[in-house]
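Here is the structure we will look at, set down as structure tokens.
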Amino acid sequence: MPGLLLGDVFPNFEAETTTGRIKMHDFLGNSWGILFSHPRDFTPVCTTELACAASISEQFRKRDVKMIALSIDSVEDHRNWSKDVMAFAGDQAESPLPFPIIADDKRELSVQLGMLDPDERDKDGMPLTARCVFVIGPDKKLKLSILYPATTGRNFDELLRVIDSLQLTAQKKVATPVNWKPGEKVMVIPSLSDAEAAVHFPQGMTCKELPSGKKYLRYTQL
Ligand code: BEZ
């Protein structure tokens, strides 16, 4: 059964979170959103990830991206775990996590969103959640999904980088090349003719000569 595909409207589920009950679309409002799931509370890799996410939350806020985490434990566990996370992040354990955590102790959302990792199980043999990342656009559609197994922690700098790419390519007819970082040259998308590109990019383009003679590797500086 296919899971959530790019371009699908993100499910407007209701859930209990550390900051109260939410309806996902209301939570997102007109902003971008990022939902990242975790296998379990009080686990080491998850704690490092959430602490990192908390410490760079201002970077997501600046990009108008609402953050929300999910783990298959209760709100009460999430609240207690948040204190460990904030202490690990180097903050006062009493300062609140700067984003909510969804409680999915019945694994309903994890099943609905295709987030279970069949290779990682709890002591009762139940599968844990994988490390999913969903980036949702202001139109509530899925713009990006990444799926890591429970045993591999994510790179949150990479998540900021892909959000920069998504937000740029949502506005301009460009794509970002390998290892692109903000401020570097971007590529003119293949569906744009040279004549159309000249209108969109009056600053000009450079085209890389290739053995095929085809002129498809077109760079521009925004
Ligand atoms: C962790 O967060 O450390 C973790 C959770 C489940 C499986 C492996 C690692």
Side-chain angles (χ1 to χ4, degrees), residues 10 13 15-22 24 27-29 31-105 107 109-110 113 115-117 119-123 126-136 143-167 179 181-182:
F10 201 72
F13 57 78
E16 294 298 338
T17 80
T18 45
T19 56
R21 192 162 183 84
I22 62 151
M24 188 60 181
F27 169 78
L28 292 169
S31 300
W32 289 72
I34 183 167
L35 187 157
F36 39 99
S37 65
H38 296 272
R40 199 96 233 210
D41 294 5
F42 304 105
T43 51
V45 176
C46 298
T47 302
T48 63
E49 285 191 321
L50 274 199
C52 174
S55 63
I56 61 169
S57 62
E58 180 58 19
Q59 293 296 324
F60 287 89
R61 200 195 58 74
K62 266 171 44 187
R63 290 163 173 82
D64 191 27
V65 181
K66 295 243 173 88
M67 307 169 82
I68 190 160
L70 178 150
S71 171
I72 52 172
D73 288 293
S74 64
V75 166
E76 191 189 350
D77 281 340
H78 289 349
R79 290 207 176 117
N80 287 328
W81 180 38
S82 299
K83 294 179 192 160
D84 287 0
V85 169
M86 292 312 279
F88 183 76
D91 276 296
Q92 294 297 319
E94 292 311 311
S95 59
L97 202 63
F99 47 81
I101 312 177
I102 296 170
D104 191 30
D105 35 346
R107 290 176 168 77
L109 268 178
S110 298
L113 300 177
M115 298 195 295
L116 292 178
D117 180 345
D119 286 342
E120 294 296 334
R121 291 176 185 265
D122 65 13
K123 58 180 173 20
M126 295 292 286
L128 300 175
T129 333
R131 299 182 194 282
C132 298
V133 181
F134 295 117
V135 178
I136 306 137
K143 303 297 178 191
L144 174 135
S145 69
I146 318 179
L147 185 53
Y148 294 67
T151 42
T152 301
R154 286 158 284 204
N155 181 331
F156 274 72
D157 289 335
E158 168 64 0
L159 299 183
L160 288 172
R161 192 191 73 87
V162 295
I163 286 168
D164 284 335
S165 170
L166 289 169
Q167 293 188 336
N179 297 338
K181 289 192 225 51

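Heads up: numbering here begins at 1 and tracks the sequence.
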How many angstroms lie between atom [atom1] of [X] and atom [atom2] of [Y], to the nearest 0.5 angstrom?
X: M67; Y: F27; atom1: CE; atom2: CZ; result: 9.5 Å
X: K66; Y: W32; atom1: NZ; atom2: CH2; result: 14.0 Å
X: L159; Y: L144; atom1: CG; atom2: CG; result: 8.0 Å
X: S165; Y: E158; atom1: OG; atom2: CD; result: 9.5 Å

Side chain proximity check, [X] to [Y], heavy atoms < 4.5 angstrom:
X: L113; Y: F13; result: yes
X: F60; Y: P98; result: no
X: I146; Y: V135; result: no
X: I101; Y: L50; result: yes
X: P39; Y: C46; result: yes
X: L116; Y: L128; result: no
X: H78; Y: S71; result: yes
X: M115; Y: F134; result: yes

Derivation and outcome, ring pair (Phe, Tyr, Trp, His ring centres under 6.0 Å), residues F99 and F36: CA-CA 11 Å; F99 47 81; F36 39 99; 5.5 Å; yes

Using every non-hydrogen atom in the two residues, find where [X] and [Y] come nearest and quote the distance to one decimal.
X: A54; Y: M86; answer: CB-SD, 3.9 Å
X: I34; Y: I163; answer: CD1-CD1, 4.3 Å
X: P149; Y: D117; answer: CA-OD2, 3.6 Å
X: L28; Y: G33; answer: CD2-CA, 3.6 Å
X: R131; Y: T152; answer: CD-O, 3.0 Å
X: R121; Y: P127; answer: NH1-CD, 3.6 Å

Salt bridge flag under 4.0 Å for residues R40 and E120: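 The answer is no: the pair does not qualify as a salt bridge.
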
Pair D73 + R79: basic N to acidic O under 4.0 Å: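 No.
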
Modelled atom types, side-chain donor and acceptor of T47 and W81, under 3.5 Å: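 Yes, side-chain donor-acceptor contact under 3.5 Å.
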
Pair S74-D105, side-chain donor/acceptor within less than 3.5 Å: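 Short answer, no.
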
Qualifying residue for side-chain contact (heavy atoms from CB on, under 4.5 Å) with L109, from I72, L70, L35: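 Option passing the side-chain contact (heavy atoms from CB on, under 4.5 Å) with L109: L70.
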
Name of the residue among T19, I136, T18, I22 meeting side-chain contact (heavy atoms from CB on, under 4.5 Å) with I68: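 In the set T19, I136, T18, I22, the residue that makes a side-chain contact (heavy atoms from CB on, under 4.5 Å) with I68 is I22.
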
Within the side chain of [X], is there an N or O that forms a donor-acceptor pair under 3.5 Å with the backbone of [Y]?
X: T129; Y: H38; result: yes
X: R63; Y: Q59; result: yes
X: S37; Y: A130; result: yes

Full working for side-chain contact (heavy atoms from CB on, under 4.5 Å) between L97 and V85: CA-CA 8 Å; L97 202 63; V85 169; 3.7 Å; yes

Neighbour count above 12 (heavy atom, 6.0 Å) for E76 CD: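 No.
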
